[in-house]
> 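First, the structure itself, so that you have it in front of you.
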Amino acid sequence: MDASSPPLLQDQATAQRAQELLAWYDRNARALPWRVPPHERTVGVVPDPYRVWLSEIMLQQTTVAAVKDYFLAFTAKWPKVTDLAKAETDDVMKAWAGLGYYSRARNLKACAERIAFELGGRFPETEEGLKALPGIGPYTAAAIAAIAFDQRAAVVDGNVERVLSRLHLIEEPLPGAKPAIRAAMDALTPEKRPGDFAQAVMDLGATICTPRRPACALCPWSAPCEGRRQGIADTLPRKAAKAEKPTRRGAAFVMLRDGDGALALRKRPPKGLLGGMAEVPGTVWSTDFAEETALSAAPVKARWHQHLGVATHTFTHFHLEVTVYSATLPAGTPLPEGCWWSEPGDVEGEALPTVMRKIISHARR
DNA sequence: AACCCGTGGGT
DNA sequence: TACCCAAGGGT
């Protein structure tokens with residue numbers, strides 16, 4: 001189905017349903033740093049596509065609360081897409097550190113360069129054009145097209161899946177239910193204010209139609225909601241059971257320079273887990289890590305001290321336990337290839353993912 | 001198509 | 001505590 005053409009099934013009841021949600025949104029829209037509030041949009045204020053794009057990338061699988069400060073920091077540092085395009089990749093990775101899913105940061109930089117240097121500094125205004133850019137998939141392309149360019153696009157994220165699976169009592173588990181949900185959103189999305197409509201469904205999902213204990217009494221779609229009528233709204237959408245997470249183990253070697261306490265770091269390979277981020281040198285993380293032989297993997301000969309316990313972290317698909325060793329090296333000790341010294345005041349600003357900050361912190365115990 | 005890819009907050 | 005989940009994309 002082509003979202004750019006009007007839906008054949010936008011009958012009167014469907015149109016009214018959309019208008020009821022927009023009216024709710026006019027009164028209840030969340031105020032967010034990247035958003036133009038509905039009352040300003042009606043006066044002709046249009047959101048900056050750069051800010052819409054940046055926020056949408058940051059919000060991929062990431063909560064509003066976590067994104068806010070990063071968004072403000074990025075837009076203060078790089079006010080326009082051309083600023084971001086001209087930035088050093090390392091600086092972008094440092095600014096992204098802690099937000100997770102680091103391929104987003106690399107794609108963000110690549111996308112900014114494409115727009116600044118190949119597209120004359122302008123974002124494509126269609127879903128198709130947007131989706132051709134790195135880091136922009138079906139959801140993000142639709143969201144930018146609708147929010148920044150008033151294109152009628154079916155924006156489907158996790159909120160939309162939850163709200164519409166309840167509204168229409170779609171009981172097929174995800175991801176199988178995606179086509180039906182997408183069709184439902186397409187049928188519901190109005191010609192006018194498609195961006196506000198998308199954000200309205202998302203706000204509804206975030207504040208009323210929540211995963212657990214939805215506040216159906218406050219919902220503007222309470223009356224037509226089939227899931228509520230059947231009393232099973234809070235069980236939808238159904239999802240396939242997920243595999244359990246194995247535990248991987250490894251060791252990390254915290255090298256401190258005698259005198260100033262500088263910390264030795266190195267850069268991870270550009271792709272894969274924590275790609276392109278800084279790390280404390282260590283072993284690979286595996287399910288059959290041999291604790292006894294860990295020290296033989298130390299990057300330099302030194303008096304290694306093993307810290308009690310382990311640093312733990314949980315990734316998307318595995319748990320991690322890291323045995324932490326530390327040593328103080330005499331100033332002038334040559335570092336292994338690829339390592340650098342990060343001085344105490346600089347460590348916080350390095351492109352260190354959260355797991356590495358935990359490991360460094362553990363070395364103080 | 002199924003798997004890989006982070007993190008923090010809520011329950 | 002352990003699990004769920006969040007404005008998903010790439011391969």
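Naming: A, B, ... by sequence-line order, numbering from 1 per chain.
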> Which whole-number value in Å describes the distance from A/R268 CZ to B/dG6 C1'?
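One finds 12 Å between C1' of B/dG6 and CZ of A/R268, rounded.
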> What does A/V160 touch in the nucleic acid at a heavy-atom separation under 4.0 angstrom: a base, only the sugar-phosphate, or nothing?
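No contact at all - A/V160 keeps every heavy atom at 4.0 Å or more from the nucleic acid.
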> Could you check A/T207 against A/R30 for side-chain hydrogen bond (donor to acceptor under 3.5 Å, both in side chains), going step by step and ending with a plain yes or no?
CA-CA 9 Å; A/T207 63; A/R30 288 176 292 174; over 6 Å; no
> Return the value, rounded to whole Å, for the distance between atom NZ of A/K245 and atom C1' of C/dC5.
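After rounding, the gap between these two atoms is 10 Å.
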> Among C/dC5, B/dT7, C/dG8, which nucleotide has an atom closest to any side-chain atom of A/R162?
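So the side chain of A/R162 is nearest to C/dC5.
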> Could you check whether the side chain of A/Y139 and the base of C/dG8 have a donor-acceptor pair of N or O atoms closer than 3.5 Å, going by distance alone?
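Check fails, no donor-acceptor contact within cut-off.
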> Strictly under 3.5 Å: I want the nitrogen or oxygen pairs between protein and nucleotides 8-11 of chain B, one per line.
from  : atom 1 : to     : atom 2 : distance (Å)
B/dG8 : OP1    : A/T354 : OG1    : 3.4

> Is A/Q60 close enough to C/dG8 that one of its side-chain N or O atoms is under 4.0 Å from OP1 or OP2 there?
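No, A/Q60 has no side-chain N/O under 4.0 Å of OP1/OP2 on C/dG8.
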> B/dT7 phosphate, OP1 or OP2: any side-chain N/O from A/T314 under 4.0 angstrom?
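No, outside the criterion.
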> Looking just at side-chain N and O atoms, do A/N107 and A/R104 make a donor-acceptor pair shorter than 3.5 Å?
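Their side chains do not contain a donor-acceptor pair, so the 3.5 Å distance test is not met.
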> Would you say A/K242 reaches C/dC4's phosphate, i.e. side-chain N/O to OP1/OP2 under 4.0 Å?
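For A/K242, the contact criterion (side-chain N or O under 4.0 Å from OP1 or OP2 of C/dC4) is met.
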> Is there a donor and acceptor pair closer than 3.5 Å between the side chain of A/R30 and the base of C/dA7?
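Between C/dA7 and A/R30, which were checked side chain against base, a qualifying N/O pair under 3.5 Å is present.
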> Counting side-chain heavy atoms from C-beta on, which of C/dC5, B/dT7, C/dA7 comes nearest to A/P211?
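Nearest listed nucleotide: C/dC5.
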> For the pair made of CE in A/M202 and P in C/dA6, what is the distance, rounded to whole Å?
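Those two atoms, CE and P, are 13 Å apart.
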> So does A/E348 have more than 12 non-hydrogen atoms from other groups sitting under 6.0 Å from CD?
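Incorrect, the count does not exceed 12.
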> Heavy atoms only, 4.0 Å cut-off, all strands: where does A/L274 land among base, sugar-phosphate and nothing?
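The answer is sugar-phosphate, as A/L274 gets under 4.0 Å only of primed atoms, P, OP1 or OP2.
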> When the P atoms of C/dA7 and B/dT11 are compared, how many Å lie between them, rounded to an integer?
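B/dT11 and C/dA7 have their P atoms separated by 14 Å.
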> Answer yes or no: does a side-chain N or O of A/H317 lie under 4.0 Å from OP1 or OP2 of B/dC4?
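No.
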> Just by modelled atom types, is the A/T189 backbone N or O under 3.5 Å from a matching donor or acceptor in the A/R152 side chain?
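Indeed, once roles are kept as given, a pair shorter than 3.5 Å links the two residues.
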> So what does A/P134 touch, heavy atoms closer than 4.0 Å: a base, only the sugar-phosphate, or nothing?
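Answer is sugar-phosphate: A/P134 comes under 4.0 Å of backbone atoms only.
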> Take atom CG of A/D157 and atom C1' of C/dA6, then tell me their distance rounded to the nearest Å.
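One finds 9 Å between C1' of C/dA6 and CG of A/D157, rounded.
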> Would you say NZ of A/K192 has more than 12 non-hydrogen atoms from neighbouring residues, nucleotides or ligands within 6.0 angstrom?
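Counting neighbours around NZ of A/K192, 12 or fewer heavy atoms of other residues, nucleotides or ligands fall under 6.0 Å, so no.
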> What's A/W34 touching, base or sugar-phosphate or nothing? Going by heavy atoms closer than 4.0 Å.
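Answer is base: heavy atoms of A/W34 come under 4.0 Å of a base.
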> Tell me the interatomic distance from A/Y101, atom OH, to B/dC3, atom C1', rounded to whole angstroms.
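These atoms are roughly 12 Å apart.
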> Side chains of A/H313 and A/K358: any donor to acceptor distance under 3.5 Å?
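A donor-acceptor contact under 3.5 Å links the two side chains.
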> Can you tell me if A/Y102 touches the phosphate of B/dT7, counting only side-chain N or O atoms and a distance under 4.0 Å to OP1 or OP2?
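Yes, within the criterion.
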> A/L320 has an atom CG; how far is it from atom C1' of B/dC4, in whole Å?
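Interatomic distance, CG of A/L320 to C1' of B/dC4: 16 Å.
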> Under 3.5 Å, is there a donor-acceptor pair linking the side chains of A/E56 and A/T140?
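No donor-acceptor contact under 3.5 Å links the two side chains.
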> A/L32 near the nucleic acid: base, sugar-phosphate alone, or nothing, with a heavy-atom cut-off under 4.0 Å?
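Contact class for A/L32: base.
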> Specify whether A/W34 and A/F71 have parallel, tilted or perpendicular ring planes, treating 30° as the upper limit for parallel and 60° as the lower limit for perpendicular.
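Perpendicular: the ring planes of A/W34 and A/F71 meet at over 60°.
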> For A/R104 and B/dT7, give me the distance from atom CZ to atom P, rounded to whole Å.
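A/R104 atom CZ is separated from B/dT7 atom P by 10 Å.
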